[in-house]
Amino acid sequence: MAISNKTVSIILLSYRNLEGIYETLDSIFIQDYPEIEVVLSDDGTPEFNQEEQRLREYIEKNKKNNTKNVIFNHLEVNQGTVKNINSGIKKSSGGYVKLISSEDVLADPSSLANYVAYMDEKDAYIVFGKMRGVTKEGIYKDELLACESDYDLLKSYNLKQQRDRLFARNFLPAPAAFFRRDVFDKCGMFDEDIRLIEDYPYWINLTKHRVKFEYLDKVTVLYRLSGVSSAGSYSEMFMEDMFVIYDKYIFPYDKRFKAFQKPYNALKRDGLTFYMEKARLKKYKGLRKTWVYIRYSPYFVYTKLLDLKVDAKNKKSKRNS
């Protein structure tokens, strides 16, 4: 079927969580946007071939007329999130691109239409909606450690402030990002030197190309708080990526602290090492484990205080809703 520049290509990303695909598909099939393409891009799930026929039957039964095209893109061998995303984008054809992971869902039937209208209004390359976290127990979390929720603040940033904030931390809600396809022609694809973390280095890359971020002050995505970076408990592989990102994208270019930049970078690297050691704690026993708790006790206290602060914000938000 013909695909136009107005088509939204949704790259539905999966790895092992095949049952979650159905919930994500349901949220796509109720969208009121008139032109949708679905690219189901699986990163080498061993059981995918057995599940594919069931998925095809489900899609055929439940899709509406606005789903113009469905593409299955299965990588035979697991290659990591970044390569899976790039592979899915290359298979797609629409003028807009939305990445979404299995089990995450579009928040309401107008999510895609709202993205497109706002992107066209702002003539933007990238728009961030808001994401609402959902725990395994079905509890909603509007305040998340992973991202900033004050869009009035974010809208006030100029390009330099945008980049400097990214040097400090990844404050953008990747699951709620929406792309104009042209951004990949202008700025390239996601960096395949990194296995799992597609978003953080790409945001910094966009600032190098002087791309301004736009913010749609609507909840567009419900995000399952069970992923690799959603709860502040990171894997070793995730932290290996973070070291690459800092060495390639941040440490060589961050000049915010001038004469104090080297001490700041050393402190930042120590913080990264804390998260790596925390990821390895299950492997450690006895004295080694005790040493980690003692050596990084300030970081354990600091991260616990951050968790408590976010919990308090969520309780306040729930009372006011």
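Residue indices begin at 1 and follow the sequence shown.
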Would you say the side-chain atoms of Ser149 and Glu143 include a donor-acceptor pair closer than 3.5 Å? yes
Would you say the side chain of Ile89 lies within less than 4.5 Å of the side chain of Phe184, judging by non-hydrogen atoms? yes
Over 12 foreign heavy atoms within 6.0 Å of CD, Gln50: yes
What are the two closest non-hydrogen atoms of Leu172 and Cys147, and how far apart are they? C-CB, 4.0 Å
Minimum heavy-atom separation for Tyr115 to Ala176, with atom names? OH-O, 2.6 Å
Taking everything shown except Phe243 itself, do over 12 heavy atoms lie less than 6.0 Å from its CZ? yes
Any chance the side chains of Asp270 and Tyr299 put a donor and an acceptor closer than 3.5 Å? yes
Any residue meeting ring-ring contact (aromatic ring centres under 6.0 Å, His included) with Phe29, in chain and number order, not counting sequence neighbours: none
Has Asp32 got a side-chain atom pairing as donor or acceptor with Pro34's backbone, closer than 3.5 angstrom? no
Which residue pairs pass the salt bridge (Lys or Arg N to Asp or Glu O under 4.0 Å) test with at least one member in residues 93-117, sequence neighbours excluded? none
Donor on one side chain, acceptor on other, Arg163 and Tyr253, under 3.5 Å: no
Tell me whether Glu236 contacts the main-chain N or O of Arg280 through its side chain, where contact means a donor paired with an acceptor under 3.5 Å. no
Would you call Arg56 and Glu51 a salt bridge, taking side-chain N to carboxylate O under 4.0 Å as the test? no
Can you see whether Tyr284 has Arg288 sitting over its ring - NZ or CZ less than 6.0 Å from the centre and within 45° of the normal? yes
Parallel, tilted or perpendicular, as decided by the 30° and 60° cut-offs, for the rings of Phe48 and Phe72: tilted
Side-chain (Lys68) to main-chain (Asn65) donor-acceptor, under 3.5 angstrom: yes
Asp123: which residues meet the side chain to side chain contact (heavy atoms under 4.5 Å, CB included) condition with it, sequence neighbours left out? Arg180
I want to check something: taking the side chain as every heavy atom from C-beta on, are Leu25 and Asn62 in contact at a cut-off of under 4.5 Å? no
Using side-chain heavy atoms (C-beta onward) and a distance below 4.5 Å, is Tyr202 in contact with Val183? yes
Heavy-atom side-chain proximity of Phe167 to Phe251 below 4.5 angstrom: no
Pairwise salt bridge (Lys or Arg N to Asp or Glu O under 4.0 Å) hits with a residue in residues 194-221, at least two apart: Lys130-Asp217
Residue pair Ile71 / Leu40, side-chain heavy-atom distance below 4.5 Å: no
Does the separation of the ring centres of Phe213 and Phe128 fall below 6.0 angstrom? yes
Heavy-atom distance under 4.5 Å between the side chains of Met237 and Leu196, does that happen here? yes
Say you draw a straight line from CZ of Phe274 to OG of Ser297; how long is it, rounded to the nearest 0.5 Å? 10.0 Å
What closest approach, in Å, do Tyr118 and Tyr215 show between heavy atoms, and which atom pair accounts for it? OH-O, 2.9 Å
Output every pair passing salt bridge (Lys or Arg N to Asp or Glu O under 4.0 Å) with a member in residues 239-253, not counting sequence neighbours, ordered by first then second residue. Asp191-Lys248, Asp193-Lys248, Asp247-Arg269
Do Ile11 and Ile85 have side-chain heavy atoms sitting under 4.5 Å apart? no
Does anything in residues 146-157 pair up under salt bridge (Lys or Arg N to Asp or Glu O under 4.0 Å), and if so which pairs, sequence neighbours excluded? Glu148-Arg165
Does the side chain of Thr45 pick up a donor-acceptor pair with the side chain of Glu47 at under 3.5 Å? no
I'd like to check the side chain to side chain contact (heavy atoms under 4.5 Å, CB included) partners of Gln79; sequence neighbours left out, ordered by chain and number. Asp43, Leu75, Lys83
Taking all non-hydrogen atoms of both residues into account, name the closest pair between Phe179 and Phe190 and its distance. CZ-CZ, 4.0 Å
For Glu57, which residues count as a side-chain hydrogen bond (donor to acceptor under 3.5 Å, both in side chains) partner, sequence neighbours excluded? Gln53
For Met131 and Leu222, what are the C-alpha separation, side-chain angles and deciding distance, and is it a side-chain contact (heavy atoms from CB on, under 4.5 Å)? CA-CA 6 Å; Met131 67 180 189; Leu222 302 182; over 6 Å; no
Contacts of type salt bridge (charged side-chain N to carboxylate O under 4.0 Å, His left out), residue Asp164, not counting sequence neighbours: Lys160
For Asn114, is there any backbone N or O sitting under 3.5 Å from a side-chain donor or acceptor partner on Ser110? no
What pair of heavy atoms forms the shortest contact from Val8 to Tyr33, and how long is it? CG2-CE2, 3.5 Å
Partners passing side-chain hydrogen bond (donor to acceptor under 3.5 Å, both in side chains) against Ser14 (at least two apart in sequence or in another chain): Asp42
Got a donor-acceptor contact below 3.5 angstrom from the Thr24 side chain to the Val105 backbone? no
Distance flag, aromatic centroids of Tyr293 and Phe300, threshold under 6.0 Å: yes
Is it the case that Gln31 and Asn66 place a side-chain donor and acceptor less than 3.5 Å from each other? no
Same hydrophobic cluster for Leu272 and Tyr264, using side-chain heavy-atom links shorter than 4.5 Å among ILVMFWY? no
Tell me if a side-chain donor or acceptor on Ser235 pairs with a main-chain N or O of Phe238 at a distance below 3.5 Å. yes
Please walk me through it: do Glu277 and Lys283 pass salt bridge (Lys or Arg N to Asp or Glu O under 4.0 Å)? CA-CA 10 Å; Glu277 289 294 282; Lys283 295 181 178 180; over 6 Å; no
Under the side chain to side chain donor-acceptor pair (under 3.5 Å) rule, what pairs show up with a residue in residues 181-190, not counting sequence neighbours? Ser92-Arg181
Quick one: does Ser102's side chain have a donor or acceptor within less than 3.5 Å of a partner on Asn17's backbone? yes
Nearest atoms (heavy-atom pairs only) where Gly94 meets Ser9: N-OG, 2.8 Å
When you check the side-chain N and O atoms of Asn205 and Tyr200, is any donor under 3.5 Å from an acceptor? no
Going by distance alone, is a donor N or O of one side chain under 3.5 Å from an acceptor N or O of the other, for Gln162 and Asn158? no
Would the number of heavy atoms belonging to other residues, nucleotides or ligands and lying under 6.0 Å from OH of Tyr140 be above 12? no
Would you indicate whether Leu287, at its atom CG, is surrounded by more than 12 heavy atoms from other residues, nucleotides or ligands within a distance under 6.0 Å? no
Any chance you could lay out the salt bridge (Lys or Arg N to Asp or Glu O under 4.0 Å) test for Lys63 and Asp26, step after step, and finish with the verdict? CA-CA 8 Å; Lys63 70 181 178 71; Asp26 287 343; over 6 Å; no
What I'd like to find out is whether the side chain of Lys141 reaches to under 4.5 Å of the side chain of Leu225, using heavy atoms alone. yes
Worked verdict on Tyr223 versus Val134 for side-chain contact (heavy atoms from CB on, under 4.5 Å): CA-CA 6 Å; Tyr223 175 57; Val134 185; over 6 Å; no
Those residues that, when tested against Leu306, pass side chain to side chain contact (heavy atoms under 4.5 Å, CB included) (two or more places apart): Leu145, Tyr302
